[in-house]
Amino acid sequence: MSSNVEITLRNMQFHICVGVLPHESQLPQPLAVDLTVWAAATSDGSITVDYRDLYRVAAGVLATPPLLYLETIAGAMLRDAMAQPSVVGARVAVRKPHVTLPGPLDCAEVVVQDGVRL
């Protein structure tokens with residue numbers, strides 16, 4: 001039986017310009033990110049995922065404008081997370097609390113997932 005592990009960096013907080021409306025490209029707003037990866041043991045039986053690398057995945061994507069759509073942001077984070085050593089699956093949730101809609105809501109959230117969920 002092979003070993004595996006699930007690692008989540010939950011509710012990472014960023015303050016960035018994101019969105020398609022004119023004011024969204026001028027005024028930074030909060031964005032929250034959850035990044036979960038599923039990692040499998042390597043041939044020597046070890047499971048090693050550096051949390052700093054996972055944080056850099058999220059921060060790196062958010063440092064590359066233009067940031068227009070949550071779907072694009074989440075997809076780029078998913079792609080970069082899946083490229084990490086030992087990672088066989090990943091899930092990204094991106095939440096934007098300040099969304100211009102005619103009624104109240106907590107946030108808009110986009111979730112993407114790929115690979116093997118252990």
Side-chain angles (χ1 to χ4, degrees):
M1 181 177 198
S2 65
S3 297
N4 56 66
V5 66
E6 178 179 298
I7 299 167
T8 300
L9 299 183
R10 190 173 318 283
N11 209 28
M12 292 180 278
Q13 299 288 313
F14 300 91
H15 205 70
I16 61 168
C17 291
V18 58
V20 296
L21 300 177
H23 72 275
E24 294 175 317
S25 66
Q26 308 267 327
L27 300 170
Q29 55 189 303
L31 196 74
V33 176
D34 298 342
L35 173 57
T36 299
V37 298
W38 293 277
T42 60
S43 58
D44 69 0
S46 67
I47 301 175
T48 305
V49 177
D50 191 327
Y51 302 163
R52 296 169 297 182
D53 291 339
L54 297 179
Y55 186 88
R56 280 191 285 270
V57 163
V61 168
L62 295 175
T64 311
L67 302 170
L68 302 177
Y69 300 101
L70 299 183
E71 295 87 339
T72 305
I73 293 167
M77 288 181 189
L78 181 70
R79 178 199 64 226
D80 293 353
M82 290 293 293
Q84 299 299 307
S86 302
V87 171
V88 295
R91 178 186 184 276
V92 177
V94 179
R95 290 178 300 283
K96 180 179 172 183
H98 300 279
V99 179
T100 305
L101 292 175
L105 77 151
D106 287 338
C107 65
E109 180 180 58
V110 171
V111 178
V112 294
Q113 182 172 318
D114 189 21
V116 178
R117 184 175 180 169
L118 304 174

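All heavy atoms count here, side chains included; hydrogens, waters and symmetry mates do not.
Partners of Ser86 by side chain to side chain donor-acceptor pair (under 3.5 Å), not counting sequence neighbours: none found. Taking the salt bridge (charged side-chain N to carboxylate O under 4.0 Å, His left out) definition, one finds that Arg56 meets it with Asp53, sequence neighbours left out.
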Just distance, no hydrogens or angles: give the donor-acceptor pairs under 3.5 Å from side chains in residues 10-28, sequence neighbours left out.
from  : atom 1 : to    : atom 2 : distance (Å)
Asn11 : OD1    : Gln13 : NE2    : 2.8
Asn11 : OD1    : Arg95 : NH2    : 3.1
Gln13 : NE2    : Asn11 : O      : 3.3
Glu24 : OE1    : Val20 : N      : 2.9
Glu24 : OE1    : Leu21 : N      : 2.9
Glu24 : OE2    : Lys96 : NZ     : 2.7
Ser25 : OG     : Pro22 : O      : 2.8

Just distance, no hydrogens or angles: give the donor-acceptor pairs under 3.5 Å from side chains in residues 58-77, sequence neighbours left out.
from  : atom 1 : to    : atom 2 : distance (Å)
Thr64 : OG1    : Gly60 : O      : 2.9

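Gln29 approaches His98 most closely through the heavy-atom pair OE1-O, 3.1 Å. Closest non-hydrogen pair, Ile47 versus Ala39, comes out as CG2-CB, 3.9 Å. Pro97 approaches Pro30 most closely through the heavy-atom pair CD-O, 3.3 Å.
Taking OG1 of Thr8 as the reference point, atom CH2 of Trp38 lies at 7.0 Å (rounded to 0.5 Å).
Of the candidates Val87, Val37, Thr36, Val37 is the only one forming a side chain to side chain contact (heavy atoms under 4.5 Å, CB included) with Ile7.
Through chains of ILVMFWY side-chain contacts below 4.5 Å, Leu101 is grouped with Val99, Leu105.
In the hydrophobic cluster analysis, where Ile, Leu, Val, Met, Phe, Trp and Tyr join through side-chain heavy atoms closer than 4.5 angstrom, Met82 is grouped together with Val5.
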